[in-house]
Number of protein chains: 2
Amino acid sequence: MKKLVVIYSGGMDSFTALNKAVKEGFDVYALSFDYGQKHNKELIYAQNVCNELNVPHKILDIKSISTLFTSSSLVSDDINVPDGHYEADNMKSTVVPNRNMILISLAIGYAVDIEAEGVWYGAHSGDHLIYPDCRPEFVKVMDQASKVANFEPVYVHAPYLNTDKIGILKDGIKMGLDYSKTWTCYQGKEKACGTCGSCVERLEAFQANNIDDPVQYSI
Amino acid sequence: MKKLVVIYSGGMDSFTALNKAVKEGFDVYALSFDYGQKHNKELIYAQNVCNELNVPHKILDIKSISTLFTSSSLVSDDINVPDGHYEADNMKSTVVPNRNMILISLAIGYAVDIEAEGVWYGAHSGDHLIYPDCRPEFVKVMDQASKVANFEPVYVHAPYLNTDKIGILKDGIKMGLDYSKTWTCYQGKEKACGTCGSCVERLEAFQANNIDDPVQYSI
């Protein structure tokens with residue numbers, strides 16, 4: 001079986017990608033990052049899913065990199081995570097500078113070490129406007145960089161690059177996935193807030209697919 | 001003054017690159033990595049040089065990434081660092097998988113955060129055969145990736161990409177640099193060992209330039 005590293009945050013996009021990789025017959029190794037998020041609820045969800053799927057799961061502690069950055073609300077206590085819909089200006093402060101390149105680089109290193117052939121990550125078309133490192137041209141050039149960076153080439157692939165969150169959920173429902181096993185909310189409370197950009201987008205995706213989100217919300 | 005991030009290990013290549021950047025009038029920010037080397041002597045040397053040059057210096061702790069890797073002698077206690085000249089087969093075990101992509105990705109993130117225009121790193125032509133991520137095609141594609149990965153493009157440049165260690169030293173001597181301020185040896189003892197691949201290459205560079213290495217050796 002071909003080995004594959006899947007970057008897995010515990011949210012619904014990478015949960016769907018992870019399950020897709022398993023169903024396609026890859027020998028999947030999941031990699032999550034503790035990069036100093038304000039809560040680790042999504043990592044606990046990720047761990048539980050990997051246990052159920054019998055997928056080896058590493059959580060890499062990269063909290064120290066927050067000492068490089070001063071401008072992101074996701075890692076800084078001084079800046080609040082903005083509420084409301086994802087829109088470029090509103091959500092710019094949630095960008096950890098160069099985050100995806102950093103995470104993908106680490107995942108490629110892990111892939112080289114375990115002799116995996118590729119790295120999957122959950123970029124999708126809904127993110128293109130907000131995060132430059134979710135765009136097709138970025139995925140393409142990272143794939144090229146990865147193929148020349150090591151003795152054994154590793155490819156980089158985003159299986160949902162040209163799909164939006166609605167389409168990802170549609171695919172996951174078709175696969176019979178249970179989305180109560182995912183955590184999306186930026187806040188780490190008992191119930192999801194339903195008002196942060198992440199929750200709003202998630203709820204819209206469920207609504208567009210005409211199904212109820214199994215996650216409980218406080219609104 | 002234009003801001004620049006220089007990846008600075010404390011060794012002679014990046015020491016020369018750092019000084020070159022300062023002399024060319026950039027507003028230089030030095031970035032070193034504690035990636036779990038067996039000693040931190042080179043980091044102490046790096047700190048001292050930055051203090052003298054009045055260059056802001058960050059040492060980023062990325063020791064945790066060694067938990068991803070099992071195959072590198074530089075970070076694993078189970079594998080000895082090989083002695084002798086750098087040769088592809090012999091030194092392959094010193095490769096931390098995908099190291100340069102990881103370090104450059106972090107440096108780009110830092111550059112974005114402080115609004116620097118570029119990242120320099122010390123790849124040189126002597127490393128091409130040994131480290132795939134020191135080759136011109138890698139630098140070129142990382143530069144391309146960096147320019148699309150963030151809202152503000154950051155370039156990636158290796159000022160000595162087409163120069164070997166002998167040429168780097170020649171350039172540094174021309175700049176009047178004092179190489180007693182650099183540490184190259186893989187071992188972290190009081191005197192440099194003179195026998196590891198790093199020492200052997202360094203000594204050859206001084207010999208080729210017909211000057212004495214100011215660093216003390218135990219051989």
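What you see below is based on every heavy atom in this structure, not just the backbone, and it leaves out hydrogens, waters and symmetry mates. Labels below follow one simple rule: chain letters A, B, ... track the order of the sequence lines, proteins then strands, and each chain is numbered from 1. What you see is a predicted model; the values in this text were computed from it and never measured.
Interface residue B/Ile65: backbone and side-chain heavy atoms are both found under 4.5 Å from chain A. In this structure, the portion of B/Leu31 lying under 4.5 Å from any heavy atom of chain A is its side chain and not its backbone. Contacts of A/Leu106 with chain B are made by both backbone and side-chain atoms, with heavy-atom separations under 4.5 Å.
Contact count against chain A (heavy-atom pairs under 4.5 Å) is highest for B/Asp61 among B/Leu103, B/Asp61, B/Ile62. Residue with the most contacts toward chain B among A/Ile102, A/Val112, A/Asn100: A/Ile102 (heavy-atom pairs, distance under 4.5 Å).
A donor-acceptor contact under 3.5 angstrom links the side chains of A/Gln47 and A/Asn51, judged on distance only.
The aromatic rings of B/Tyr45 and B/Trp183 are tilted relative to each other, their planes meeting at an angle between 30° and 60°.
Counting heavy atoms from C-beta outward, B/Val141 and B/Met101 have side chains that stay 4.5 Å or more apart. Contact annotation: the side chain of A/Trp120 never approaches that of A/Tyr8 to less than 4.5 Å [non-hydrogen atoms, C-beta and beyond].
Annotation: the span from A/Cys50 atom SG to A/Leu18 atom CG amounts to 5.5 Å, rounded to 0.5 Å.
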